[in-house]
Amino acid sequence: MKISPIRNEKDYQKALDRLEEIFDAKKGTDEGDELEILSILIDRHENEKFPIGMPDPIEAIKFRMEQMGMKQKDLAEVVGFKSRVSEILSKKRKLTLGMIRKLNSTLHIPTEVLVQDY
């Protein structure tokens, strides 16, 4: 087991290829340990090289509504009037702290997503 840091695309590809070779290794074996270490290195490299930012708050609300089969009238029960929902979803009105709390508890959208500027 010779593991080295991932410094470039070639190292990254080599690590991925090796990970694929030993993917079914059993825990507690040399290959199992290698698999665990390679997974950590690859994950760290991908997080640094290809960071995934937080979603736009309004897009997160729309996505969650779609997942839950909600309509705008359903969201009005959470944040207030139907016209307010329309203004929020079209980004004409900002979310208030009270709305953020209700959206977090009802739609289970993390507050760190909802409090972002948009």
Side-chain angles (χ1 to χ4, degrees):
M1 168 172 61
K2 183 175 187 255
I3 297 177
S4 58
I6 299 173
R7 294 189 178 105
N8 53 43
E9 189 62 32
K10 184 179 177 184
D11 293 341
Y12 175 62
Q13 192 57 53
K14 183 178 170 185
L16 287 176
D17 291 343
R18 180 63 182 154
L19 184 78
E20 190 174 326
E21 288 175 24
I22 61 173
F23 192 75
D24 294 323
K26 303 282 186 224
K27 273 189 171 187
T29 64
D30 286 345
E31 282 189 340
D33 292 345
E34 182 181 3
L35 174 67
E36 186 174 349
I37 294 167
L38 272 177
S39 298
I40 293 167
L41 285 174
I42 290 169
D43 183 57
R44 180 174 166 219
H45 175 76
E46 289 176 345
N47 287 335
E48 288 175 3
K49 189 85 172 169
F50 314 108
I52 298 174
M54 292 222 259
D56 175 83
I58 303 307
E59 293 305 315
I61 292 168
K62 290 177 181 177
F63 178 73
R64 191 68 178 130
M65 286 173 62
E66 184 180 319
Q67 283 184 320
M68 297 174 74
M70 292 177 73
K71 304 283 184 211
Q72 283 192 20
K73 67 180 176 91
D74 301 320
L75 194 59
E77 296 173 12
V78 178
V79 297
F81 304 105
K82 201 173 178 181
S83 60
R84 186 171 294 156
V85 171
S86 181
E87 291 173 341
I88 290 168
L89 295 180
S90 64
K91 298 184 180 183
K92 292 179 182 174
R93 178 184 287 265
K94 297 286 186 185
L95 295 169
T96 65
L97 182 57
M99 290 177 198
I100 290 170
R101 286 180 177 147
K102 288 178 184 175
L103 289 165
N104 171 259
S105 65
T106 307
L107 301 182
H108 307 288
I109 300 172
T111 53
E112 52 270 12
V113 170
L114 295 169
V115 297
Q116 297 179 94
D117 274 335
Y118 57 92

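Heads up: numbering here begins at 1 and tracks the sequence.
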(request) Would you check if Leu107 and Met70 make a side-chain contact, meaning some heavy-atom pair closer than 4.5 Å? (result) yes
Rounded distance [0.5 Å steps], [atom1] in [X] versus [atom2] in [Y]:
X	Y	atom1	atom2	value
Thr96	Leu103	OG1	CG	8.5 Å
Ile42	Asn47	CD1	CG	12.0 Å
Lys92	Ser86	NZ	OG	7.0 Å
Thr29	Leu35	OG1	CG	8.5 Å
Glu112	Ile100	CD	CD1	11.5 Å
Ile40	Glu36	CD1	CD	5.0 Å

(message) My understanding is that only residues two or more places apart in sequence, or in another chain, count here; which of them pass ring-ring contact (aromatic ring centres under 6.0 Å, His included) with Tyr12?
(response)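 Tyr12 satisfies ring-ring contact (aromatic ring centres under 6.0 Å, His included) with His45 once adjacent residues are dropped.
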Using every non-hydrogen atom in the two residues, find where [X] and [Y] come nearest and quote the distance to one decimal.
X	Y	answer
Val78	Lys102	O-CD, 3.0 Å
Pro55	Gln116	O-NE2, 2.8 Å
Pro57	Tyr118	CG-CD2, 3.8 Å
Arg84	Gly80	NH1-CA, 4.3 Å
Met99	Lys94	SD-O, 4.3 Å
Val113	Ala60	CG1-CB, 3.8 Å

Does a sphere of radius 6.0 Å around [atom1] in [X] hold more than 12 heavy atoms from other residues, nucleotides or ligands, not counting ones at 6.0 Å or beyond?
X	atom1	value
Asp30	CG	no
Glu20	CD	no
Glu21	CD	yes
Lys91	NZ	yes

(message) One pair to check against side-chain contact (heavy atoms from CB on, under 4.5 Å): Ile61 and Leu114. What are the steps and the verdict?
(response) CA-CA 8 Å; Ile61 292 168; Leu114 295 169; 4.0 Å; yes
(request) Report whether Ile88 and Phe63 are members of the same hydrophobic cluster (ILVMFWY, side-chain heavy atoms less than 4.5 Å apart, transitive linking). (result) no
(request) Give the intermediate values and the outcome of side-chain contact (heavy atoms from CB on, under 4.5 Å) for residues Thr106 and Leu75. (result) CA-CA 10 Å; Thr106 307; Leu75 194 59; over 6 Å; no
(message) What verdict does the side-chain contact (heavy atoms from CB on, under 4.5 Å) test give for Ile22 and Leu38, after you've listed the backbone C-alpha separation in whole Å, the side-chain angles of each residue and the deciding distance to 0.1 Å?
(response) CA-CA 10 Å; Ile22 61 173; Leu38 272 177; 4.2 Å; yes
(message) For Lys62, is there an ion pair with Glu59 - N to carboxylate O distance below 4.0 angstrom?
(response) yes
(message) Salt bridge or not between Glu31 and Arg18? Use side-chain N to carboxylate O under 4.0 Å.
(response)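 Salt bridge present between Glu31 and Arg18.
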(message) I'd like to know whether Lys49 forms a side-chain contact (heavy atoms from CB on, under 4.5 Å) with Ile6, so could you lay out the CA-CA distance, the side-chain angles of the two residues, the decisive distance to 0.1 Å, and finally the verdict.
(response) CA-CA 11 Å; Lys49 189 85 172 169; Ile6 299 173; over 6 Å; no
